[in-house]
Number of protein chains: 2
Amino acid sequence: MDDRKKKILQAVIDEYINTAEPVSSGALVKKYGLDYSSATVRNELAELESNGYLDKTHTSSGRVPSEKGYRFYVDELMKDDNVSLEEIKYIQEKLSTKINEIEDLTKITTSTISEITHYTTIAIGPRPETQIIEEIKFVLLGSRMLMVVIMTDNGLVKETIIKYEKDITQSQVETLNNLFNSKLKGKPLNKIDKPMEEYILSEINYSIDVIKPIIEQINKVIEQEEQVYYEGTGKSFDLPEFKSLEIAKNFVNVLDTKELMLEMLNSGMAKDINVYIGDENEQKELKDFSIVTFKHTVGDKELGTIGIIGPKRMNYSKVISVMKYISKKLNNNLQTNKPEQNDTNDTK
Amino acid sequence: MDDRKKKILQAVIDEYINTAEPVSSGALVKKYGLDYSSATVRNELAELESNGYLDKTHTSSGRVPSEKGYRFYVDELMKDDNVSLEEIKYIQEKLSTKINEIEDLTKITTSTISEITHYTTIAIGPRPETQIIEEIKFVLLGSRMLMVVIMTDNGLVKETIIKYEKDITQSQVETLNNLFNSKLKGKPLNKIDKPMEEYILSEINYSIDVIKPIIEQINKVIEQEEQVYYEGTGKSFDLPEFKSLEIAKNFVNVLDTKELMLEMLNSGMAKDINVYIGDENEQKELKDFSIVTFKHTVGDKELGTIGIIGPKRMNYSKVISVMKYISKKLNNNLQTNKPEQNDTNDTK
DNA sequence: ATTAGCACTGTTACTTGCGGAGTGCTAACT
DNA sequence: AGTTAGCACTCCGCAAGTAACAGTGCTAAT
């Protein structure tokens, strides 16, 4: 692919991303100040098409990028520092609000990205199984309310409360503390499965009524971790591709299917911006959409995944630039906060 | 309005709710076994129309219910015990799962309603300002992590954690306990405003660094209470009224506007099923939709509001029947659980 | 290698015509 | 007086036809 072809391909894709209309040879010459006539451009376009980078909607129409075209654009052509000064300022402002919990961080990041890119943004927290239990603490509130606090190695703290109908003694609490910590400390934050439950029950000599609800609640908390956040669902509906009711319906259904979203967000690589264009998505329901995700991490610990979903005609340059910038920013911010979290972990 | 008119009006609305097509005089005679000819029915229809209960889409079309027609149907004509045995069984099964927190109850109820009615369901928990703070407890975890537990009179427990960079002493915790309880116990769960914050700060002689984060976190927890749950957003898109892109877009935007949803859910009366048909909604964005809500309560305490949103051509009979049944069921279930909650409250 | 010119193709928007569904009204019937 | 058969009329929806037009591919000239 020579330079001129690249230049023309880039122009076609830029123009199509802007207008959502098939791009004609004439428009390219006029708008992009090419030094060739429309006929020459036409020849080049024909070649780009036969190489699979462009498509036509019908025999005499202008050109439209193919998935291969978008892929080439993302990999080779586009700029990935397409963030304006105002946007940088806005991002810094939003990310500088004091954040105590990772959930809040996820929410704020999600909304920031959605506001700047105008696409629908989705996010999940860290996968439970990547988190290591550092300590489980049982705290008695009154005499019939037991609070369970689970602390994980990435600084997350999860609490839940169990209400009993009988009094719980302080010595029972001690036993619980020892038992659960000896069994679960250092393990990943997976749900407590049947064998483990049996094992715990076999180790303790008092009533199943006390233990059962604890296990249930812990599992519920872990399950809750798989919540999916949305931001700006409505925004996509102003895009021209959503004039097709078929696609609009598909889009809503996709967002509505939590399992699909989880699978999709979890499939990306850490440390990278992941771009899936149309059929590149593993899930066939997503074949009409493009998705860009990244995991935000501190060191090698992942704290969650954030993704954008939109039409294949997505403003990749803007989206990827913003994500790159935010990803870097998050890492910096969290890196400097890290000592504080280590401190708190040291206190036991 | 005589009996025959009522019967015909009911038939028109039933038929229209089923088919989403304008109803003709002929179809009414054929399908609903009326003892009159289509001509007679035609005369009645003309009168019902001139009285405002029916509309036409064009001069020679069949009839379509007007909002006044739907209102009359809801108030006078339809059955409100339209729940099948299978549905009752299904509801009982879903609601009988053990529930520890009101949030879970809200989620389960929401999904149950959505599954049975096939409409989009939305829900919020109890409004913070209707909840009374029974007690605030500070618990030290390690030496630099402080947990704040807020218990309210409806049995809800909210926790949050604050991480400090300096050690917190047990005596400080005592002071905090006394201070916050003396100021906030018995008050509604409103955000801590500036004057109150000033006041608390003035009462205490140690560092603002300790108090500030507590107030921030408490406010954040209270704010979080205003979360809106959705279930089955995608379901509505299969309805014929959503073929109009205009309406579909509107619908998504409405759901996307949290403030609107909160306002809408909060405006209903307690102890009642509230039905808003089209223009009856206070919010003009909802004029093309119908909404049915109810607050679930125990005694005079509200625990949340659940609502259904769908097209004006909604299956009011099914929706209202299901809501009535669930509402009653919830009240019974919670009533019998109540003692348990009182117990725990007695333990301090 | 580039480009002007032109035939060709498919799209979109607009008209026209026609069958069908359903109404309103009139006149006859019970 | 209420009911109904019959019929003219209205409007919708669909299909076919037409014209303007945007854009291409190809040929032949530069």
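A quick note: this is a predicted structure, and the numbers were derived from the prediction, not measured. Below, chain A is the first sequence line, B the second, and so on; all start at residue 1.
A heavy-atom distance below 4.0 Å to DNA chain D is reached by none of the residues of residues 22-33 of chain B. Within residues 38-64 of chain B, the residues that have a heavy atom under 4.0 Å from DNA chain D are, in order of number, B:A39, B:T40, B:R42, B:N43, B:H58, B:T59, B:S60.
You'll find the side chain of B:V64 reaches within 4.5 Å of the side chain of B:Y16, heavy atoms only. Side-chain contact check for B:I309 versus B:V254: some heavy-atom pair is nearer than 4.5 Å.
Between the side chain of B:S61 and the backbone N or O of B:T57 there is at least one donor-acceptor pair closer than 3.5 Å. A side-chain donor-acceptor contact under 3.5 Å links B:S50 to the backbone of B:E47. Checking side-chain atoms of A:Y316 against main-chain N and O of A:V292 turns up no donor-acceptor pair under 3.5 Å.
A:I8 has its CD1 atom 12 Å from the P atom of D:dT24, to the nearest Å. Atom pair B:K243:NZ and D:dG13:C1' shows a separation of 13 Å (rounding to whole Å applied). Taking atom CG on B:L34 and atom P on D:dT4, their separation rounds to 11 Å, with Å as the unit. Residue B:E21 contributes atom CD, which lies 9 Å from atom P of C:dG22 at whole-angstrom precision.
Phosphate proximity of D:dT3 to B:R4: present, with a side-chain N or O under 4.0 Å from OP1 or OP2.
Using cut-offs of 30° and 60° for the angle between ring planes, the B:F237 and B:F251 rings count as perpendicular.
None of A:V12, A:I277, A:D14, A:L9 except one satisfies the side chain to side chain contact (heavy atoms under 4.5 Å, CB included) rule with A:Y73; the exception is A:D14.
Between A:S25 and A:R42, the closest heavy-atom pair is OG-NH1, 3.2 Å.
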